[in-house]
Amino acid sequence: MTKTLNYQTSKTMSYHQIKDFEEYQQVYKRSVDDPEGFWADVAESFTWRKKWDTVLEWNFEEPNVKWFQGAKLNITENCLDRHLKTRGNKLALIWEPNDPKEKFVRYTYRELYERVCQFANVLKKNGAKKGDRICIYMPMIPDLAVAVLACARIGAVHSVVFAGFSASSMADRINDAECSMVITADALNRGTKQIPVKRIVNEALEQCKTVKKVIVVEHLGWAVQMTEGRDVWYHDEVEGVSKECPAEEMDAEDLLFILYTSGSTGKPKGVVHTCAGYMVYAQYSFCNVFQYEESDVYWCTADIGWITGHTYLLYGPLLAGATTVMFEGVPTYPDAGRFWQIVDKFGVSIFYTAPTAIRALMGAGVDHVLSYSLDSLRVLGSVGEPINEEAWHWYHIHIGKERSPVVDTWWQTETGGIMISTLAGVTPMKPSHAGFPLPGVQPILVDSDGNEIKDNEVEGYLCMKFPWPGMIRTTYGDHERCRISYFSTYKGLYFTGDGAKRDKDGLYRIIGRVDDVINVSGHRFGTAEIEEAINHNKNVIESAVVGYPHDVKGQGIYAYVICDKMPENIDNLRSEIIETVVQQIGKIARPDKIQVVSGLPKTRSGKIMRRILRKVAEGDTSNLGDTSTLLDPDIVDEIKEGAL
Ligand code: WTA
């Protein structure tokens, strides 16, 4: 065992960064032989009010996972305060508005610190305290970043809800976490569209009893309906408020945030992350995967409403003292060159986006790229879904000019940070392959009985056999659901829900979900969740939803619906169903195809044979396999004939 490990700690930065493949191999080995020693060393470089008594306590049966117990800290002291001396005047945040003609915003670390403290004081003034759950439903504006950090500053648990979700989805999330406060804005811009954010909050709150206060940030200057005694304007509240706010001292395992995500069954669940482990993992993975350097300008295009935005737009880069770019708009507004224009404008050196965006921009043609130099770029990242080889090469050639490594980063809301990925320029890179696991991450592939598949050139279910600091601790309010969802399928293992291949050299390639989760443009939906939404439509008796390959979105949503009577106008019915889904979940979950059927292929025990529905949706009806156990085999022919 190599206790003598020589991490290369840069003189200007205080984190461990692996610099070549040989070192990676050594560090990886040590992280397996002596995980506690390894993580204790990584954690050393943070600011702790008090260090931990024990590094790790765990079992995957209950599950019970605790990192750095006994430690006291506040993550915002690590994101902000500790940088003030050396990086007070360095840019922390650059914000680019939806409209390129409008002015961008820049905050130094000192300015961000002051804004977070002020926002934290406003939260306290309005009754928020440690342990309270606060829902944040906001546009991608600087105040969103500030609000998230302000919650963490006072020890309140943030639950950010992506501002594309409907009132009904928001209400479910607010009620599940029993939030006492909502932070929002008047309205938002997204491309050519404007969305009445506060109106959606008002509608959601009709179904929520626990919310006592709503803090509204003015963004577009819309007149909005404010409820007396409950709703306040941030700009009124912040008048004369101090720019200093002492950070709340948190225990290592105190909740930092809840983020809702979809699984194969039921409503979305609240994934819980805690203070110390998440912090350590966010910075460690950020610095190593992207090979971050002090002079970088880093841009992650994800919305803070998703885990990628939490860990790699906000926490990871700020922990590392980086300059992070935040963009309000969409990649295609005003045209498909917008991303590249922003890269040139700010001299972005590390760029992190999703395959769906790459495919959409690829489809718009390379002309949109050619007018920009892109000289500043040195590392490219991909996240959220498998990246097909064509998109990978386009990204590598046209954006990276074949000079920037592409890191295909595999991870999940539940993992808190990147788990399997090439470390840029350090470990091997192969198109459409995530690569090797990060040191500290122990993936295994198992067969359907849960037996480990040891060789290379194999395929199996992707699991983790050892904990890592950024992992999920529980699902909010329902620990048993966490156990069943992740720790009961294969005994003693965390099951990811993904299938993966390992090539002859041991590099991982993620194939995709093996459960009833669809990944649409990098966003996760449970088929059951969409079916439930569709069934809200008064004409629908029953529905079944499957994913199918989609050129841009990765997967599209294909819905089979049974109606109470055959509709006169199918197009009207389809629009109504889409409208129901938009109301129940949000625009992002709109079905791409809706086929009206008279029945579904069910087994005698009443189970829908999704395999058949998937094949039809994929347009592959040549071999549907054994259909003899179906209650009504004839239905298959009808479904095949009506396929869209
Ligand atoms: C998928 C997003 C292939 C995977 C960070 C996972 C990926 C789910 C990749 C998690 C990748 C994420 N290659 N598939 N690089 N990254 N996925 O929770 O199926 O929104 O289980 O987290 O996205 O989605 P989530």
Side-chain angles (χ1 to χ4, degrees), residues 18-33 285 288-291 352 354-355 358-359 379-397 400 402-412 415 417-466 468 489-490 493-515 517 519 522 549 554-555:
I18 296 159
K19 281 292 173 199
D20 59 48
F21 190 44
E22 203 188 317
E23 192 190 354
Y24 164 81
Q25 288 170 312
Q26 274 183 33
V27 176
Y28 189 82
K29 184 172 182 313
R30 191 211 170 187
S31 79
V32 174
D33 293 343
S285 53
N288 277 290
V289 169
F290 299 108
Q291 290 290 300
Y352 191 32
I358 298 168
R359 287 190 297 260
V379 175
L380 300 177
S382 169
V383 59
E385 44 173 326
I387 176 164
N388 50 308
E389 294 197 24
E390 193 189 354
W392 193 99
H393 286 293
W394 189 86
Y395 197 30
H396 188 232
I397 294 168
E402 293 180 83
R403 128 190 122 229
S404 304
V406 174
V407 293
D408 178 1
T409 64
W410 175 85
W411 59 296
Q412 310 178 293
T415 69
I418 298 167
M419 300 285 281
I420 303 180
S421 171
T422 297
L423 309 184
V426 171
T427 57
M429 169 178 95
K430 186 171 167 185
S432 301
H433 286 66
F436 287 123
L438 268 64
V441 172
Q442 298 188 36
I444 65 169
L445 296 179
V446 299
D447 63 21
S448 47
D449 296 324
N451 301 313
E452 178 166 2
I453 309 169
K454 286 222 162 96
D455 305 330
N456 282 346
E457 289 199 85
V458 290
E459 182 175 334
Y461 300 106
L462 180 63
C463 296
M464 299 292 151
K465 63 177 171 193
F466 198 83
W468 62 100
T489 316
Y490 304 113
L493 299 174
Y494 165 84
F495 176 44
T496 63
D498 280 323
K501 289 183 179 177
R502 197 167 46 222
D503 77 0
K504 61 176 184 0
D505 303 312
L507 284 97
Y508 285 87
R509 175 179 198 153
I510 311 300
I511 303 163
R513 302 292 303 197
V514 292
D515 53 7
V517 170
N519 190 330
Q555 279 190 298

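Residue numbers count from 1 along this sequence.
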task: Give a yes or no answer on whether the side chain of Thr409 reaches the backbone of Ser382 with a donor-acceptor pair at less than 3.5 Å.
output: yes

message: Using modelled atom types and a 3.5 Å cut-off, is there a donor and acceptor pairing between side-chain atoms of Asp20 and backbone atoms of Glu22?
response: yes

message: Does any part of the side chain of Tyr461, heavy atoms only, come nearer than 4.5 Å to the side chain of Leu445, both counted from C-beta?
response: no

NZ/NE/NH1/NH2 to OD/OE distance under 4.0 Å, Arg359 and Glu385: yes

field: Main-chain N/O of Asp455 paired with Arg502 side-chain donor or acceptor, under 3.5 Å
entry: yes

query: Should the ring pair Trp392 and His396 be called parallel, tilted or perpendicular, given that the plane angle runs from 0 to 90° and is split at 30 and 60?
result: tilted

message: Within this structure, what is the CE-CG distance for the pair Met429 and Leu507, rounded to the nearest 0.5 Å?
response: 11.5 Å

message: To the nearest 0.5 Å, what is the distance between OG1 on Thr415 and CD on Gln412?
response: 5.5 Å

query: Which value, rounded to the nearest 0.5 Å, describes the distance between Ser421 atom OG and His433 atom NE2?
result: 13.5 Å

field: Phe495 versus Thr489, closest heavy-atom pair with distance
entry: CD2-OG1, 3.7 Å

task: Measure the spacing between CD of Gln291 and OG1 of Thr422 and express it to the nearest 0.5 Å.
output: 11.5 Å

task: Take Tyr352 and Phe290, measure what ring-ring contact (aromatic ring centres under 6.0 Å, His included) needs, and give me the verdict at the end.
output: CA-CA 9 Å; Tyr352 191 32; Phe290 299 108; 4.8 Å; yes

- prompt: Hey, is the main chain of Asn519 close enough, under 3.5 Å, to the side chain of Gln555 for a donor-acceptor pair?
  reply: yes

- request: Measure from the side-chain N and O atoms of Asp408 to the backbone N and O of Pro386, and report whether any donor-acceptor pair falls under 3.5 Å.
  value: no

Pro437 versus Tyr508, closest heavy-atom pair with distance: CD-CE1, 4.1 Å

- line: One should read off an interatomic distance between Ile444 CD1 and Lys465 NZ, to the nearest 0.5 angstrom, of 5.5 Å

Whether over 12 other heavy atoms sit under 6.0 Å from Tyr24 OH: yes

task: Report yes if some heavy atom in the side chain of Phe436 is under 4.5 Å from a heavy atom in the side chain of Ile420; otherwise report no.
output: no

task: Locate the shortest heavy-atom distance separating Val446 from Leu493; write the atom from each residue and the value.
output: CG1-CD1, 3.7 Å

field: Minimum heavy-atom distance Asp447-Tyr490, with the two atoms named
entry: O-CE2, 3.8 Å

Asp503 with Arg509: basic N within carboxylate O range, under 4.0 Å: no

task: Hey, could you give me the CG/OH distance between Leu462 and Tyr494, rounded to the nearest 0.5 Å?
output: 9.0 Å

message: Restricting to non-hydrogen atoms, name the atom on Trp468 and the atom on Gly440 that form the minimum distance, rounded to 0.1 Å.
response: CB-O, 4.0 Å

field: Non-hydrogen side-chain atoms of Leu438 and Leu423 separated by less than 4.5 Å
entry: yes

- request: Taking the side chain as every heavy atom from C-beta outward, state whether Pro439 and Ile18 have any atom pair closer than 4.5 Å.
  value: yes

statement: Correct closest heavy-atom pair for Trp410 and Met464 would be CZ3-CE, 3.7 Å

Glu390 CD: over 12 foreign heavy atoms closer than 6.0 Å: no

Within-4.5 Å side-chain heavy-atom neighbours: Asp498 and Ile511: no

